[in-house]
Amino acid sequence: MAKWLVKSEPDECGIDDFAADPQSVIPWDGVRNYQARNFLRQMAEGDEVFLYHSSCRHIGVAGIVTVVGAPYPDTAQFDPHSPYFDPKSSPEDPRWTAVDMRYVGTLPSLVSLATLKSAPELADLPLVNKGSRLSVMPVREPEWQAILRLAE
DNA sequence: GCCAACGTTGGC
DNA sequence: GCCAACGTTGGC
């Protein structure tokens, strides 16, 4: 069972939106970057995912969600009224992928970006590298454990 | 609001 | 295939 980290702006969809209805399944769509998309496609039912809050007041890893079902074509890419519309994509050959996520838990405390950067175990995590804009990335087991420990 | 770093586009 | 221009991301 693989582990991941995804970025989101809590104004759009943060851990509180998941926690508001723990049973609900929220589509993770709108990813329009090939590297991030390729990671989305590798996700599978039951995978666990850190939710990272970006571009906000309290930046950092806030909680955990889980992958529900299998990745599927992001429907927004076909919708001309969606901000995520991609005229170059077609239902016959979908370019972008979405997955469904469900709430698992909120961390006891937010692990701030500064804390993440100061942890030697996390040096290889794309998130902490300067200028990294990757919004979906794999997290290795030792990295996962390190972040959990920092949240205690 | 600023701006550095990045990915993508498009002309050549 | 190169690379300049552009739009976006995201921390500060």
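Just so we're clear, the structure is a prediction, and the values are computed from it rather than from any experiment. The chains referred to below are lettered A, B, ... by the order of the sequence lines, with proteins before strands, and numbering in each begins at 1.
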Considering only side-chain heavy atoms of [X], which listed nucleotide, [options], is closest?
X	options	result
A:K7	B:dA5, B:dG10, C:dG10	C:dG10
A:I59	B:dA5, C:dG11, B:dT8	C:dG11
A:S55	B:dT8, B:dG10, C:dG11	C:dG11
A:N33	C:dG11, B:dG7, B:dA5	B:dG7
A:L113	B:dA5, C:dG11, B:dT8	C:dG11
A:K117	B:dT9, C:dG10, C:dC12	C:dC12

Return the value, rounded to whole Å, for the distance between atom [atom1] of [X] and atom [atom2] of [N].
X	N	atom1	atom2	value
A:R57	C:dC12	CZ	C1'	14 Å
A:H53	C:dC12	NE2	C1'	19 Å
A:D86	B:dT8	CG	P	12 Å
A:Y34	C:dT8	OH	C1'	15 Å
A:L134	C:dT8	CG	P	19 Å
A:R95	B:dT9	CZ	C1'	12 Å
A:K130	B:dA4	NZ	C1'	7 Å

- side-chain N/O A:Y52 vs C:dG11 OP1/OP2, d < 4.0 Å: yes
- Message: Within the structure provided, determine whether A:V49 and A:K3 are in side-chain contact (heavy-atom separation under 4.5 Å).
- Response: no
- Any residue meeting side chain to side chain donor-acceptor pair (under 3.5 Å) with A:T97, in chain and number order, not counting sequence neighbours: A:R41
- Item | Side-chain ion pair, A:E152 and A:R149, N-O less than 4.0 Å | no
- Among pairs that include at least one residue of residues 55-77 of chain A, which meet side chain to side chain donor-acceptor pair (under 3.5 Å), considering only residues two or more places apart or in two chains? A:R32-A:D74, A:Y72-A:D100, A:Q77-A:S89
- Item | Whether A:W144 and A:F50 hold their rings parallel, tilted or perpendicular, with breakpoints at 30° and 60° | parallel
